[in-house]
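I have a structure here, written as structure tokens, and I will follow up with some questions on it.
Chain naming here is simple, since letters A, B, ... match the order of the sequence lines and numbering starts at 1 in each.
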2 protein chains.
Amino acid sequence: MATIKQISELSGVSRGTVDRVLNGRGHVSPEKERLVRSIAEQVGYKPNRAGKALAARKKSYIISVLLASEGNPFFAEVISGVHAAERELHDYGVKVVLRTLKGYDVDAQIAALTEMGADSSALIFNPINTPEVAGKINELAARGVQVYTLNTDIENCRRLCYVGSDYFEGGRIACGMLGLMTGGVANVGILTGSVHILGHKQRIDGFLDVMYKKYPKFRFLSIMETQDDDMIGFESTRKMLTDHPEIDTIFLVAAGIYGVCRAVQSFLPGRRLHIVSFDHIPQTEELMRAGLIHATICQQPFAQGYEAVKLAFNSLMSGAPPKKQQFIVKNDIRILENL
Amino acid sequence: MATIKQISELSGVSRGTVDRVLNGRGHVSPEKERLVRSIAEQVGYKPNRAGKALAARKKSYIISVLLASEGNPFFAEVISGVHAAERELHDYGVKVVLRTLKGYDVDAQIAALTEMGADSSALIFNPINTPEVAGKINELAARGVQVYTLNTDIENCRRLCYVGSDYFEGGRIACGMLGLMTGGVANVGILTGSVHILGHKQRIDGFLDVMYKKYPKFRFLSIMETQDDDMIGFESTRKMLTDHPEIDTIFLVAAGIYGVCRAVQSFLPGRRLHIVSFDHIPQTEELMRAGLIHATICQQPFAQGYEAVKLAFNSLMSGAPPKKQQFIVKNDIRILENL
DNA sequence: TTGTATGCGTTATCAA
DNA sequence: TTGATAACGCATACAA
């Protein structure tokens, strides 16, 4: 409602001084500082984003996005969301710079962060969960760069907000779906990406949570890793089905789903297993059309990319950090009919 | 990229003239008009929303939202979405005026449209599908009011865009879910709101589409109406279950779900039917916790309200109508674990 | 018909 | 330490 101009009139100081106070630029006498602050408080001053945006065009903000996404089709939609936000914010003097990395190499990620952080107002990325990366985040934050984590979070650091899904809930949903599909009776095998990856572990925890509380007739027989790889997934599944031919239900926690499904087809031909997976990539669609996977839990990748950029923008424009430390997108059940 | 100022410099005419041409205000000589247009074309002029917004603050745009929502809890989330967009756009000189009506009275809706249309730049509402309302939309459009339909569409009129779900797809998903839950064998009863309401009919069409193509062992035994009312729903269900005690699967197309579920409990105590419903209202949650309803198809009510307002805003600010005539939100499967 | 000046809210620059 | 002023892109009232 109130503008800087009004505050300057009410307090009898110039607009410049009000600006200096409100944006903490210093060089203001303590009395005036107090005066302006109290008046701004009274009138409930909130900076106007349109005005800020217009002024910002002269020296525009840069929001950098760094994704370890190359070769991982899941991120295609995340990137679409980033681009959509970019188009929407283009008029407001914001530049969005996107950079991708292949694989999860800590040194490469930190090098990229260093480079991008140099000229960015905000930095959005999917962190590798190591102390080195956390330290880098703190360093950037200390230099005034707003850091956001996307899709994956990291603990004990000064990131402003995590944008992503609730992996534990995702696992619970997967179990709930399998419960509905099997009538509550199932011999379950789990294929995860890696037991060391936090998100995968949380999905399994969620799955087991529902299983123990709600489905006493679920028997959990085996868990193996795919390393997010189709070949390893094939081999793991072969072994699992050989050791436990009574498995009729598979919980696919991560990638490598094509290899797993091929193994199912090869070693249990004609048998109809109940399979639930995560995310929606081209292979998922193919496997669902083939009737191998029956449901997949999605985590709104588009919204993740879009919201992360918008959150950063709003924070830059309003001057205040996000109110919530987490922006959790809803998990989304997909079956063939709503792929 | 290019601004009005730059175009004026390139073309050697004043900013005022460029403005007159680009916004079709007339009083410009044909030659200058052609000149300015060709240059604007060349440089790919797109008006800057921040600048427009700032200028608009002097005489701000009004976006009116009219919802036949009173007494219908489904719309609570739609309204939340409207408010969220309002907060977001507040800085850009836009006022959002919300008004609600009780029930679906054509005269009342038209009267409200007339009143709100008088001082609105854009009008968003869920139309009753009658020629009178269509005529009113055309009248408003002729007077320069941008009209958007929300949640429900209406044919043969000059509304700019429909924001809502795909009801046919919703029905297909419901059948897909029941297919998964029943193993493809079911005796189905359908309880719709009214066979005369287009959205309800489309959901049933979608359901039958999947049923005939994919589930040959589904037997469709009976369809009755609830009139969106719990008492009528109870009575209809009682009759349906008496006439067809073999029913083990219920497709709940619309409201009145509480009455239906109570009837199921009363007349088939202990029997576990497969029930799928639409939308997420407090009753739905209660019935799902009680294990009566197993899945519900939601249509992103929040996004509907939010996107409709934003679409109107973007259109007002960019001067161009939405590119798409429909903004279809995804249908969303919910089970107990992701309510 | 055309051009100019002013203001929207904010920021940056320059002068005092 | 302060204040005045110009600029961002657009719209409009007014002057020519």
message: Without decimals, in angstroms, what is the distance between A:Arg25 CZ and D:dT1 P?
response: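 Result: 15 Å.
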message: Below 30° counts as parallel, above 60° as perpendicular, anything between as tilted: where do the rings of B:Tyr92 and A:Tyr92 land?
response: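 Rings of B:Tyr92 and A:Tyr92: parallel, under 30°.
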task: Kindly check if the number of other-residue, nucleotide or ligand heavy atoms within 6.0 Å of NZ (A:Lys95) is above 12?
output: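 Check fails, neighbour count at 12 or below.
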message: By nearest atom, which of the nucleotides C:dG3, C:dT10, D:dA11 is closest to the B:Arg15 side chain?
response: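 Of all the options, the side chain of B:Arg15 is nearest to D:dA11.
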- prompt: Going by an N to O cut-off under 4.0 Å, is there a salt bridge joining B:Arg99 and B:Glu115?
  reply: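 Looking at B:Arg99 and B:Glu115, the cut-off is met.
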- request: Go through C:dC8, C:dT1, C:dT10 for me and flag the one nearest to the A:Tyr45 side chain.
  value: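 Looking only at heavy atoms from C-beta outward on A:Tyr45, the closest nucleotide is C:dT10.
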query: Does any non-hydrogen side-chain atom of A:Gln299 lie less than 4.5 Å from one of A:Asn151?
result: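 Sidechains of A:Gln299 and A:Asn151: in contact.
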message: Using OP1 and OP2 only, check whether a side-chain N or O of B:Arg49 sits under 4.0 Å from D:dC10.
response: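 The answer is no; no side-chain N or O of B:Arg49 sits under 4.0 Å from OP1 or OP2.
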field: Candidate nucleotides D:dT2, C:dG9, C:dC8, ranked by approach to the side chain of A:Lys5 - the nearest
entry: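 Within the option list, the nearest is C:dC8.
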task: Check the distance between C:dG9's P and A:Leu22's CG and give it to me in whole angstrom.
output: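 Taking CG of A:Leu22 and P of C:dG9, I get 15 Å after rounding.
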message: Let's see if you can work this out: which of C:dT2, C:dG9, D:dT2 has an atom nearest to the side-chain heavy atoms of B:Val28?
response: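 In terms of side-chain proximity for B:Val28, the closest of C:dT2, C:dG9, D:dT2 is C:dT2.
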query: If you check every side-chain atom of A:Arg57, which of D:dT2, D:dA11, D:dG9 has the closest atom?
result: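 The closest nucleotide is D:dG9.
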query: When you measure from the side chain of A:Lys52, which nucleotide among C:dC8, D:dG3, C:dT10 comes out closest?
result: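 That would be C:dT10.
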- request: Name the residue closer to the 5' end of DNA chain D, choosing between B:Arg20 and B:Ala55 according to the nucleotide with the nearest heavy atom.
  value: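 Nearer the 5' end of the strand: B:Ala55.
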message: Side chain of A:Asn48 only, heavy atoms from C-beta on: which candidate in C:dT2, C:dT10, D:dG9 is closest?
response: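 Of the options given, the side chain of A:Asn48 lies nearest C:dT10.
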query: Of the candidate nucleotides C:dT11, D:dA11, D:dC8, which contains the atom at the shortest distance from the side chain of B:Ile4?
result: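 Closest of the options to the side chain of B:Ile4: D:dA11.
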Among D:dC10, D:dT2, D:dG9, the one nearest A:Thr17 by side-chain distance: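 From the listed options, D:dT2 comes nearest.
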- request: Measure from CG on A:Leu54 to P on D:dC10 and round the result to the nearest Å.
  value: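 Going from A:Leu54 (CG) to D:dC10 (P), I get 9 Å.
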task: Among the candidates C:dT11, D:dA11, C:dC8, find the nucleotide nearest to the side-chain atoms of B:Asn23.
output: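 Comparing C:dT11, D:dA11, C:dC8 against the side chain of B:Asn23, the answer is D:dA11.
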field: Electrostatic pair A:Arg20-A:Glu33, nearest N-O below 4.0 angstrom
entry: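 No, A:Arg20 and A:Glu33 are not salt-bridged.
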